[in-house]
Amino acid sequence: MAAMSTESTGTAARDGDPAPAGPGDSPFVRACRRQAVPHTPVWFMRQAGRSLPEYREIRANVGMLESCRRPDLVTEITLQPVRRHGVDAAILFSDIVVPLAAAGVDLDIVPGSGPVVAEPVRAVADVERIRLIGRDDVSYVDEAVRMLVAELGDTPLIGFAGAPFTLASYLVEGGPSRTHAKTKALMYGDPQLWHALCDRLAEITLEFLRVQVAAGVSALQLFDSWAGALSEADYRRYVLPHSKAVLTGLADAGVPRIHFGVGTGELLAAMGEAGADVVGVDWRTPLDVATVRIGPERAVQGNLDPAVLFAPWPVIEAEVRRVLEQGRAAPGHVFNLGHGVPPETDPEVLTRVVALVHELTAGPAERS
């Protein structure tokens with residue numbers, strides 16, 4: 001494998017490589033567009049987070065929401081894994097509830113628990129209190145993206161948001177839930193209120209992502225973290241129209257759109273229909289199987305089991321090889337985990353995984 005260096009800007013480069021033609025022609029964006037790539041690109045969900053000691057240091061005594069609202073912190077935290085691991089893409093450091101807070105929802109991100117909503121949604125009046133947002137409401141995101149694009153150079157930046165269903169689940173449950181019982185009770189018991197809530201959230205999410213596109217992100221990921229709690233029939237009835245409103249609303253944005261959820265093996269076809277260019281796959285479904293369900297019009301992202309990162313290196317290497325081999329069935333493959341990086345992960349393992357993916361998939365020009 002050719003030697004790899006990381007510039008002070010965080011742009012990963014290999015000695016002897018021709019200069020990339022900007023982030024739009026990067027291996028990551030090319031893979032998302034199902035184009036030929038010099039190597040399989042790799043990044044990790046939650047790569048900027050608690051597994052990095054430099055992250056824990058910079059976040060000491062700074063609340064999560066405050067961190068997301070400080071462009072200087074957002075920029076530094078987003079760059080940390082690019083510098084350390086040499087990943088092929090950065091993802092904006094933020095949280096899926098940031099646009100909800102900007103929309104006037106009284107919430108807090110409680111350490112060790114997650115987002116907690118002071119007044120859960122129960123009636124039409126609760127939905128009406130959630131105001132629509134504009135660029136000025138999230139100007140700190142706009143500023144952070146512009147700072148990052150300048151720093152990252154040829155390394156693409158991924159913007160993101162939470163999907164309407166997952167945001168609605170937090171608002172209805174009042175916080176994280178294992179059963180989503182209150183969410184489903186509202187869906188089944190008052191479909192009109194449910195769709196009104198999701199319509200509002202789709203508008204907010206779409207604007208939040210448009211702000212990021214206007215500021216210069218090279219791709220977008222819509223996280224529907226809790227969609228796997230639903231049957232395909234319920235997904236199509238209660239969720240798909242709202243996710244589709246977001247993703248198709250970005251069809252003219254000029255950047256690839258990624259759609260990801262956990263436990264969504266039975267929903268992959270429907271999630272692709274929502275308008276994504278790339279469908280993220282968790283570790284439960286092999287990528288070759290997922291590709292059949294998703295179809296040849298979309299690339300796939302995934303899907304190493306995060307728990308494998310704690311195994312001995314020979315096991316990790318074998319699993320990386322398996323994921324890459326199964327990913328060959330897809331018209332485009334972005335290597336990732338099947339969920340986020342666990343906080344206890346040894347960062348050196350992630351660095352080795354990136355190098356291994358690049359080594360195993362490098363074309364002749366990169367091997368020279």
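Just the heavy atoms: all of them, side chains too, but no hydrogens, waters or symmetry mates, feed the values below. Just so it is clear, the structure is predicted and the values come from calculations on it, not from any experiment.
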task = Measure from the ring center of Tyr55 to the ring center of Phe93 and say whether it is less than 6.0 Å.
result = yes
query = When Leu268 is tested against each of Val292, Thr285, Thr291 for side chain to side chain contact (heavy atoms under 4.5 Å, CB included), which residue passes?
reply = Thr285
For [X] versus [Y], what's the shortest heavy-atom pair and its separation?
| X | Y | answer |
| --- | --- | --- |
| Glu266 | Glu232 | O-OE1, 3.8 Å |
| Val98 | Cys68 | CG2-CB, 3.8 Å |
| Val97 | Leu107 | CG2-CD1, 3.9 Å |

Report yes or no: do [X] and [Y] form a side-chain donor-acceptor pair below 3.5 Å?
| X | Y | answer |
| --- | --- | --- |
| His358 | Asp88 | yes |
| Thr351 | His85 | yes |
| His242 | Asp199 | yes |
| Gln47 | Gln80 | no |
| Arg322 | Gln326 | yes |

Side chains of [X] and [Y]: closer than 4.5 Å at any heavy-atom pair?
| X | Y | answer |
| --- | --- | --- |
| Arg84 | Pro53 | yes |
| Leu92 | Val141 | yes |
| Met187 | Leu230 | yes |
| Val281 | Thr264 | no |
| Val42 | Phe44 | yes |
| Pro156 | Ser26 | yes |
| Pro347 | Leu350 | no |
| Asp224 | His259 | yes |

Residues Phe165, Tyr235; criterion side chain to side chain contact (heavy atoms under 4.5 Å, CB included); working and verdict = CA-CA 9 Å; Phe165 172 77; Tyr235 178 87; over 6 Å; no
Measuring from atom [atom1] of [X] to atom [atom2] of [Y], what distance do you get when rounded to the nearest 0.5 angstrom?
| X | Y | atom1 | atom2 | result |
| --- | --- | --- | --- | --- |
| Ile96 | Leu167 | CD1 | CG | 5.5 Å |
| Arg257 | Leu220 | CZ | CG | 9.0 Å |
| Met64 | Ser94 | CE | OG | 7.0 Å |
| Ile294 | Leu267 | CD1 | CG | 11.0 Å |
| Ile77 | Leu52 | CD1 | CG | 10.0 Å |
| Leu148 | Thr155 | CG | OG1 | 11.0 Å |

For [X], look at atom [atom1] and say whether over 12 heavy atoms of other residues, nucleotides or ligands are found less than 6.0 Å away.
| X | atom1 | result |
| --- | --- | --- |
| Glu66 | CD | yes |
| Gln35 | CD | yes |
| Arg284 | CZ | yes |

For residues [X] and [Y]: do they belong to one hydrophobic cluster (side chain heavy atoms under 4.5 Å, members Ile, Leu, Val, Met, Phe, Trp, Tyr)?
| X | Y | answer |
| --- | --- | --- |
| Val323 | Val289 | no |
| Val308 | Leu324 | yes |
| Val62 | Leu65 | yes |
| Val116 | Leu100 | no |
| Val37 | Ile258 | no |

Check whether any side-chain N or O of [X] sits under 3.5 Å from a backbone N or O of [Y] as a donor-acceptor pair, and report yes or no.
| X | Y | result |
| --- | --- | --- |
| Arg122 | Val172 | yes |
| Asp282 | Gly263 | yes |
| Thr166 | Ser225 | yes |
| Arg131 | Ala102 | yes |
| Ser231 | Asp234 | yes |
| Thr361 | Thr40 | yes |
| Arg135 | Val211 | no |
| Asp190 | Leu193 | yes |
| Lys244 | Val239 | no |
| Thr205 | Ala202 | no |

Is the shortest side-chain N to carboxylate O distance from [X] to [Y] below 4.0 Å?
| X | Y | result |
| --- | --- | --- |
| Glu325 | Arg328 | yes |
| Glu273 | Arg236 | yes |
| Arg352 | Glu348 | no |
| Glu143 | Arg70 | no |
| Arg200 | Glu128 | no |

request  = Might you work through the side chain to side chain contact (heavy atoms under 4.5 Å, CB included) test for Asp305 and Leu337, ending with a clear yes or no?
outcome  = CA-CA 6 Å; Asp305 188 335; Leu337 302 181; over 6 Å; no
message = One pair to check against side chain to side chain contact (heavy atoms under 4.5 Å, CB included): Phe223 and Met45. What are the steps and the verdict?
response = CA-CA 10 Å; Phe223 284 87; Met45 290 179 283; 3.7 Å; yes
ask   = How would you list, by chain and number, every residue that makes a side chain to side chain donor-acceptor pair (under 3.5 Å) with Asp126, sequence neighbours excluded?
value = Arg129
ask   = Under the side chain to side chain donor-acceptor pair (under 3.5 Å) test, which residues partner Asn303, sequence neighbours left out?
value = none
key: Candidate pair His333 and Leu287, rule side chain to side chain contact (heavy atoms under 4.5 Å, CB included), full reasoning   = CA-CA 9 Å; His333 178 209; Leu287 290 181; 3.3 Å; yes
task = Determine, step by step, whether Arg59 and Glu54 satisfy the salt bridge (Lys or Arg N to Asp or Glu O under 4.0 Å) criterion, reporting the C-alpha distance in whole Å, the side-chain angles of both residues, the deciding distance to 0.1 Å, and the verdict.
result = CA-CA 9 Å; Arg59 275 286 321 282; Glu54 55 266 43; over 6 Å; no
request  = Report the relative orientation of the aromatic rings in Tyr238 and Tyr188; use parallel for angles under 30°, tilted for 30 to 60°, perpendicular for over 60°.
outcome  = perpendicular
Pairs where residues 29-53 contributes a residue and the test salt bridge (charged side-chain N to carboxylate O under 4.0 Å, His left out) is met, not counting sequence neighbours = Asp25-Arg30
